[in-house]
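Notes follow the structure.
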2 protein chains.
Amino acid sequence: MAGVEDTAVRAKQIPEAAVARLAVYLRVLSGMAEQGATTVSSEELSGSAGVNSAKLRKDLSYLGSYGTRGVGYEVQVLVSQIERILGLTRQHRVAVIGIGNLGHALANYGGFPGRGFPVEALFDTDPDLVGIPVGGIPVSHLEDIPRICSEREISVGIIATPPTAAQSVCDRLVAGGVQCILNFAPVVLQVPAHVEVRKVDLAVELQILSFHVARRADRAGEAPENRGTPGLPDAGLPIDNGGTGDGRNSAGTDGGLGMVVR
Amino acid sequence: MAGVEDTAVRAKQIPEAAVARLAVYLRVLSGMAEQGATTVSSEELSGSAGVNSAKLRKDLSYLGSYGTRGVGYEVQVLVSQIERILGLTRQHRVAVIGIGNLGHALANYGGFPGRGFPVEALFDTDPDLVGIPVGGIPVSHLEDIPRICSEREISVGIIATPPTAAQSVCDRLVAGGVQCILNFAPVVLQVPAHVEVRKVDLAVELQILSFHVARRADRAGEAPENRGTPGLPDAGLPIDNGGTGDGRNSAGTDGGLGMVVR
DNA sequence: GAGTGTGAAACGCTTCACAGCA
DNA sequence: TGCTGTGAAGCGTTTCACACTC
């Protein structure tokens, strides 16, 4: 597989972490361009993007050398180069599966970020929804996922169903030729190697935050800087973990964020 | 800051990456417990969580030694230990700011994942919304964020507003004593050091996926396995961890999902 | 002088492989 | 025998510091 001959040799294998940041730089740069800026320094751009300048320069260096020493970078040039690397010069048709609260929000975008991610198909199981247009696109049934995705050349699937439905939806997306999946359901999806999955998990995010609060509380012994408001350590009630049972969730209808609660 | 700080006295300093996975293990374990499982091996648990067993064992070792050689781990014990480490034994009151599509979805949870994250306040600027209850809680005006958060002892703020409002909302949350912020708006927030921020950015996620598709297309020169009709190697095995309640989420549109578009 | 581009050091996370205990 | 717990090796990412260019 070596092949590397593609584009001029430059496939240097950009670190995954850098790819995520490039997307952020792109947004900041677009904002700057809109306000008329034509050049930026690494210091300036990194400040707005929330990283340090060394990291920013390293990241940009993966694109090639597009800066001018003593001056900075040309905003337009960076925008184009980042779009090129991220593959944003072509369209990626999107399908949203699970038209609950979250799915609705996604479908209503109409067309995603600037350019590049038009929503072209919606799916749900609910008979009351099938056939009805949401954000201009009629909702289809889950069973038609393979056919429709194939016909419309969908390349990205966004799963916003309850967790129990997620794997089967995923399988159908794969059968329909979808290569990328953004999964909002709290389940670890099983996919063939050629499919890329990214997961967004609200519960996990909240729990990570919780961890940090807890850590902070521990070492709060003598934190000098406090913010005026009291705060109260709030001892916290134990939530009786004993029971554990929590069971919840079942599949709802609303295909929504994954938690079911009700 | 280079300083050594009080070198870890008690805290073994669990790697950030491990913390995120612990939350996943917790969900899987809760599901197993619900189905009556009392013990698991690292092989089993890691399989369901989508990681390899060595990593799982290493992660669990940060909690202490709770396994039994030759046997495995007791599900209940792991659940309790992970909850302890993640600080889930106490409540973290949540406020949602920006009641658009996404905000609504979040507010309607009613109470978050299983236990621990009750939504106690909602905010928006829209006069038509202020005063109206959503998911049982009346919407308040952004101006009251500091007072209300302080009164209700909110510790987590979820920002689901349009990007332009995000920083000012953030400042008010900080003024109200909020320590953790989950940001759905596509902006890099500026916060004091004692506040923890996590960001969920739909646009970035899609662009990362786009990058991978592009890379893949490049080296598709002679990929033997193509997707013809992918038949799927059958991925499906039962994961069924589904059950546990937790949740998920994300994105919002109007409120912010983040992409700006032009 | 100002600011980029980058090798090399430092750091943190992951993987390996095996000792140790039930 | 079976599986956990963990030191140590391996790797990817971040940071440093400075040569180089405008």
Side-chain angles (χ1 to χ4, degrees), chain A residues 10-25 29 32 37-78 81-82 85 208 211-212 215, chain B residues 1-5 7-8 11-25 29 32 37-78 81-82 85 208 211-212 215:
Chain A
R10 79 182 30 188
K12 284 240 268 63
Q13 195 44 350
I14 304 181
E16 182 73 25
V19 173
R21 288 189 300 266
L22 284 173
V24 174
Y25 304 152
L29 285 165
M32 289 176 166
T38 58
T39 60
V40 257
S41 65
S42 62
E43 207 64 56
E44 218 178 327
L45 180 51
S46 66
S48 308
V51 302
N52 65 48
S53 64
K55 192 185 289 184
L56 176 116
R57 289 199 303 278
K58 186 56 118 192
D59 288 343
L60 293 185
S61 78
Y62 295 120
L63 307 174
S65 288
Y66 298 101
T68 305
R69 297 172 195 232
V71 180
Y73 303 87
E74 243 183 273
V75 175
Q76 277 314 324
V77 173
L78 283 189
Q81 292 305 322
I82 295 177
I85 289 288
I208 293 172
F211 169 81
H212 289 292
R215 269 277 161 288
Chain B
M1 20 207 78
V4 185
E5 226 163 281
T7 335
K12 258 196 291 104
Q13 205 34 358
I14 302 180
E16 183 73 24
V19 172
R21 288 189 299 266
L22 285 172
V24 174
Y25 304 153
L29 286 165
M32 289 175 165
T38 58
T39 60
V40 258
S41 65
S42 61
E43 207 64 55
E44 219 177 327
L45 180 51
S46 65
S48 306
V51 303
N52 66 46
S53 65
K55 193 186 287 184
L56 176 114
R57 289 200 303 279
K58 184 61 116 187
D59 288 344
L60 294 185
S61 78
Y62 295 120
L63 307 173
S65 288
Y66 297 102
T68 305
R69 295 172 196 233
V71 180
Y73 303 87
E74 244 184 271
V75 175
Q76 277 313 320
V77 173
L78 283 190
Q81 292 305 320
I82 295 177
I85 289 289
I208 294 172
F211 169 81
H212 289 293
R215 268 277 162 285

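Chain letters run A, B, ... following the sequence lines, proteins first, then strands; residues in each count from 1. Reckoned from all heavy atoms, side chains included, excluding hydrogens, waters and symmetry mates. Bear in mind that the values here come from a model prediction, so they are computed numbers and not experimental data.
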Closest approach of T39(B) and V75(B), non-hydrogen atoms and distance?
-> N-CG2, 3.8 Å
Starting from the 5' end of DNA chain D, give me the residue, G70(A) or D59(A), whose nearest nucleotide shows up first.
-> D59(A)
Is the distance from OP1 or OP2 of dT14(D) to the nearest side-chain N or O of K58(A) less than 4.0 Å?
-> no
Rounded off to whole Å, could you give me the OH-to-P distance for the Y25(B) and dT4(D) pair?
-> 13 Å
Side chain of P15(A): nearest nucleotide among dT13(D), dT6(D), dC22(D)?
-> dT13(D)
Evaluation steps, side-chain contact (heavy atoms from CB on, under 4.5 Å), between I85(A) and I82(A) = CA-CA 5 Å; I85(A) 289 288; I82(A) 295 177; 5.8 Å; no
Side-chain donor-acceptor pairs under 3.5 Å in residues 45-56 of chain A, sequence neighbours left out?
from: S46(A); atom 1: OG; to: S42(A); atom 2: O; distance (Å): 2.8
from: S46(A); atom 1: OG; to: E43(A); atom 2: O; distance (Å): 3.0
from: S48(A); atom 1: OG; to: E44(A); atom 2: O; distance (Å): 3.3
from: N52(A); atom 1: OD1; to: A54(A); atom 2: N; distance (Å): 3.2
from: N52(A); atom 1: OD1; to: K55(A); atom 2: N; distance (Å): 2.8

Chain A reaches DNA chain C, atoms under 4.0 Å from its heavy atoms, from dA2(C) to dA8(C)
At under 4.0 Å between heavy atoms, what does E43(B) touch on the DNA or RNA strands: base, sugar-phosphate, or nothing?
-> nothing
What is the distance, rounded to the nearest whole Å, between atom CD of E16(B) and atom P of dT14(D)?
-> 13 Å
OH-CZ distance between Y62(B) and R21(B), expressed to the nearest 0.5 angstrom | 8.0 Å
Please check the phosphate of dT4(D) (OP1 and OP2 only) for any side-chain N or O of S42(B) closer than 4.0 Å.
-> yes
Distances for protein N/O vs nucleotides 17-20 of chain D N/O pairs under 3.5 angstrom?
from: dC20(D); atom 1: O2; to: R69(A); atom 2: NH1; distance (Å): 2.9

Distance below 4.0 Å between N52(A) side-chain N/O and dT15(D) OP1 or OP2 = yes
Would you please name every residue forming a side chain to side chain contact (heavy atoms under 4.5 Å, CB included) with V77(A), sequence neighbours left out?
-> Y66(A), E74(A), Q81(A)
Would you say L22(A) and F211(B) make side-chain contact, with heavy atoms under 4.5 Å?
-> no
Side chain to side chain donor-acceptor pair (under 3.5 Å) filter on Y25(A), not counting sequence neighbours, yields D59(A)
Once you round it to whole Å, what is the distance between C1' of dG5(D) and CG of L78(B)?
-> 14 Å
Distance, rounded to the nearest Å, where L22(A) contributes CG and dT13(D) contributes P | 13 Å
Round to a whole Å and report the spacing from NZ of K55(B) to C1' of dC11(D).
-> 13 Å
Below 4.0 Å: OP1/OP2 of dG5(D) and any side-chain N or O of Y73(B) | yes
